[in-house]
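Report on one structure; see the data block that follows.
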Amino acid sequence: MNQELQLFVRESLAKDQSREAIAEALKKGGWPQDEIDSALAAYADVAFPVAVPKRKPYLSAKEAFLYLVLFMTLYISAISLGTILFQFINRAFPDAIYSYGYDGTASIIRGALSAMIIAFPVFLGVSSVLRKAILKNPEKRSSKIRKWLTYVTLFGATTTIIVDLITILTSLLGGELTARFFLKALTVLVIAGSIFGYYLWDLRSEEKEVD
């Protein structure tokens with residue numbers, strides 16, 4: 001946070017200026033709304049002769065570890081689920097030119113299923129631990145690593161969805177949209193879309209709580 005902005009807000013609150021008046025003055029000074037909100041949110045809205053700073057959440061090694069494991073197992077689970085569904089599609093709609101055969105698809109399914117059996121329960125367990133920690137201490141929702149990894153995940157999901165839609169449209173325009181290809185593209189779209197939708201909803205819920 002800009003130190004000059006922080007100092008102005010602190011001194012203004014100490015002189016008993018209202019938050020609305022401070023925000024209006026900063027707007028006229030050219031400060032963007034998000035920086036104004038952030039500066040005001042750094043101080044508790046309590047009646048006291050001086051501005052009372054809010055306790056800032058800090059990043060612990062344990063928290064970083066849990067979030068890294070959470071998102072790693074999410075990625076593994078999503079990729080494994082997609083791989084399993086792809087192989088079922090391959091069996092239902094075999095490629096006349098090239099095919100792995102029963103043994104090849106069975107081996108790929110076993111590997112992906114093994115990954116899901118290990119990764120998905122870990123994902124659920126870590127999610128439960130982090131959810132309980134946030135309920136106990138809501139400030140943990142502001143964790144920087146949580147936000148960074150969430151936005152990285154949103155970026156990855158968005159990129160996947162866009163590429164997937166471009167691929168579908170290209171095949172459609174070229175007259176090469178087979179049932180096999182369409183089902184695989186739909187699988188990717190549903191998995192990436194579900195991840196994108198959930199984490200976007202989570203971020204918006206957090207923004208509403210802050211407001």
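These numbers were taken from a predicted model, which means no experiment stands behind them.
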Taking side chain as C-beta onward, heavy atoms only, is [X] less than 4.5 Å from [Y]?
X      : Y      : value
Gln33  : Leu26  : no
Val126 : Met72  : no
Thr73  : Phe120 : no
Leu68  : Ile145 : yes
Phe93  : Thr178 : no
Phe196 : Thr160 : no
Phe8   : Ile22  : yes
Phe86  : Thr83  : no

- Note on the structure: With Tyr199 as partner, the option from Phe155, Tyr151, Phe71 fulfilling ring-ring contact (aromatic ring centres under 6.0 Å, His included) is Phe71
Which heavy atom of [X] sits nearest a heavy atom of [Y], and at what distance?
X      : Y      : result
Ile76  : Ala115 : CG2-CB, 4.1 Å
Arg91  : Thr105 : NE-OG1, 2.9 Å
Asp164 : Ala185 : OD2-O, 2.6 Å
Ile84  : Ala112 : CG1-CB, 3.5 Å

- Task: Could you go through the side chain to side chain contact (heavy atoms under 4.5 Å, CB included) check for Asn90 and Arg180 one step at a time?
- Result: CA-CA 7 Å; Asn90 286 339; Arg180 173 191 174 99; 2.9 Å; yes
Atom [atom1] of [X] and atom [atom2] of [Y]: how far apart are they, to the nearest 0.5 Å?
X      : Y      : atom1 : atom2 : answer
Thr150 : Leu203 : OG1   : CG    : 5.5 Å
Thr153 : Leu200 : OG1   : CG    : 12.5 Å
Ile109 : Gln87  : CD1   : CD    : 6.0 Å
Leu74  : Ile79  : CG    : CD1   : 9.5 Å
Leu186 : Ile168 : CG    : CD1   : 7.0 Å
Phe123 : Ser77  : CZ    : OG    : 7.0 Å

Side-chain heavy atoms under 4.5 angstrom apart, residues restricted to Ile, Leu, Val, Met, Phe, Trp, Tyr: same cluster for [X] and [Y]?
X      : Y      : value
Leu183 : Val163 : no
Tyr75  : Leu130 : yes
Trp201 : Leu154 : yes
Leu172 : Val188 : no
Tyr198 : Met116 : yes

- Atom CG of Asp34 with >12 non-hydrogen neighbours under 6.0 angstrom: yes
- Message: Within the supplied structure, the quantity of interest is the number of heavy atoms (other residues, nucleotides, ligands) at a distance under 6.0 Å from Ile118 CD1; does it exceed 12?
- Response: no
- Message: For a side chain to side chain contact (heavy atoms under 4.5 Å, CB included) check, start with the C-alpha distance between Lys62 and Val129, then their side-chain angles and the critical distance, and finish with the verdict.
- Response: CA-CA 12 Å; Lys62 177 183 177 181; Val129 170; 5.7 Å; no
- Apply side chain to side chain contact (heavy atoms under 4.5 Å, CB included) to the pair Tyr43 and Gln6, showing each step before the final yes or no. CA-CA 10 Å; Tyr43 297 94; Gln6 188 176 19; 3.4 Å; yes
- Taking the side chain from Ser128 and the backbone from Leu124, do they hold a donor-acceptor pair closer than 3.5 Å? no
- Query: Under 3.5 Å, is there a donor-acceptor pair between the side chain of Arg19 and the main chain of Leu40?
  - Reply: yes
